[in-house]
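Nothing here was measured: the structure is a model prediction, and the numbers come from that model.
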Amino acid sequence: RCRLVQRRQDDPPERGQIIVLFAISFVVILAFAAMVIDLGVLRNNRQTLVNAMDSGALAGGYDLPVSSAGQATLEKLIDSTVAATYPGIAKSAYQITYRCVIGVDATGKPYISRDVPVVCNPQPSLGHAPVASDFTGAGPTRYSKCDPSKGDTCNTVVVTGATTTQFGFAGVLGIKNGSTGFQSAACSGPCGAQPT
């Protein structure tokens, strides 16, 4: 037997509802894809940046301490190492800076007379003999900014980088890119410990 089912005239039409449900579901699926794929790409690019900054600082650390005579060679070595580790990174995406790192006594006072100029010497850029207030930091070391191009001798190199990753799927959510940054440092010599 066959039965004919008729709709009542006052029932709302149901045609087209599946399209609305599909559109909403599709946006949710793309949002999850954005989280999985785009955040995975961002995390991968961050790790590549971390590796590049670490390897650049480590390569520069081998030629420390540095003064104005060796600064260009040291920075060329860092540039080539960073470029080899993170292909395509722009030189403008990272910076190379220097510090003078010295130790402190039991009261937290920097060992200026013990460590300067034995391990590093920021005196030329300071314009005066270093004093305790020129050094900042916590723990067993203190540091001062150091600039080999001004005649300083620096025992620490700092490589700081930042990159932006363009997202593929997150554009659906209005998020076009993500940024990440990292800083790495290498020190040569006593680096705050008692010189031998």
Main-chain N/O of [Y] paired with [X] side-chain donor or acceptor, under 3.5 Å:
X      : Y      : value
Arg46  : Gly181 : yes
Asp105 : Lys109 : yes
Asn121 : Val116 : no
Asp38  : Phe167 : no

Is the shortest heavy-atom distance from the side chain of Val104 to the side chain of Phe135 under 4.5 Å?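 In short, these two side chains do not touch, never coming nearer than 4.5 Å.
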
Once side-chain contact (heavy atoms from CB on, under 4.5 Å) is applied, do any residues pair with Gln71, and if so which ones, sequence neighbours excluded?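 Listed in chain order: Val66, Glu75, Tyr98, Pro148, Ser149.
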
Looking at residues at least two apart in the chain, or sitting in another chain, which of them share a side-chain contact (heavy atoms from CB on, under 4.5 Å) with Val28?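 Partners of Val28 under the side-chain contact (heavy atoms from CB on, under 4.5 Å) test: Phe32.
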
When you look at Tyr143 and Thr156, which way does the side-chain contact (heavy atoms from CB on, under 4.5 Å) test go after all the steps? CA-CA 9 Å; Tyr143 70 91; Thr156 303; over 6 Å; no

Closest approach of [X] and [Y], non-hydrogen atoms and distance?
X      : Y      : answer
Val159 : Met53  : CG1-SD, 3.5 Å
Asp152 : Pro124 : OD1-CD, 3.1 Å
Thr141 : Gly192 : CG2-CA, 3.8 Å
Asn155 : Leu64  : O-CD1, 3.3 Å
Asp147 : Ser125 : N-OG, 4.4 Å

Please tabulate, for the side chains in residues 85-93, all donor-acceptor contacts under 3.5 angstrom to protein atoms that are two or more places apart in sequence or on a different chain.
residue	atom	partner	partner atom	Å
Thr85	OG1	Ser55	OG	3.0
Thr85	OG1	Thr81	O	2.8
Lys91	NZ	Asp79	OD1	3.4

Can [Y] be reached from [X] by stepping across I, L, V, M, F, W or Y side chains whose heavy atoms are under 4.5 Å apart?
X      : Y      : result
Ile112 : Val119 : yes
Phe182 : Tyr94  : yes
Leu58  : Leu77  : no
Ile175 : Leu42  : yes

Qualifying disulfide (SG to SG under 2.5 Å) pairs with a residue from residues 59-107, counting only residues at least two apart or across chains: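 Qualifying pairs: Cys100-Cys120.
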
From [X] atom [atom1] to [Y] atom [atom2], the distance as rounded to the nearest 0.5 Å:
X      : Y      : atom1 : atom2 : value
Thr160 : Leu49  : OG1   : CG    : 10.0 Å
Leu74  : Cys154 : CG    : SG    : 10.0 Å
Thr180 : Asn45  : OG1   : CG    : 8.5 Å
Phe26  : Ile19  : CZ    : CD1   : 14.5 Å

Going by the rule side-chain hydrogen bond (donor to acceptor under 3.5 Å, both in side chains), which residues pair with Thr163 if we only count those two or more places apart in sequence or in a different chain?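 In terms of side-chain hydrogen bond (donor to acceptor under 3.5 Å, both in side chains), with neighbours along the sequence ignored, Thr163 is linked to no residue.
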
Distance-only donor-acceptor check, side chains Asn177 and Thr164, under 3.5 Å: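 Note: Asn177 and Thr164 side chains miss the donor-acceptor criterion.
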
Would you please say whether a donor-acceptor pair under 3.5 Å links the side chains of Asp54 and Ser184?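 Checked: Asp54/Ser184 side chains pair up, N/O donor to acceptor below 3.5 Å.
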
Name the residue from Gln123, Arg142, Lys145, His128 that meets the side chain to side chain donor-acceptor pair (under 3.5 Å) definition with Asp134.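 The side chain to side chain donor-acceptor pair (under 3.5 Å) with Asp134 is passed solely by His128 among Gln123, Arg142, Lys145, His128.
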
Can you list the steps and then say if Ile78 with Val157 is a side-chain contact (heavy atoms from CB on, under 4.5 Å)? CA-CA 10 Å; Ile78 292 170; Val157 63; 3.7 Å; yes

Lys76: partners by salt bridge (charged side-chain N to carboxylate O under 4.0 Å, His left out), with sequence neighbours left out: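 For Lys76, no residue satisfies salt bridge (charged side-chain N to carboxylate O under 4.0 Å, His left out) once neighbours in sequence are set aside.
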
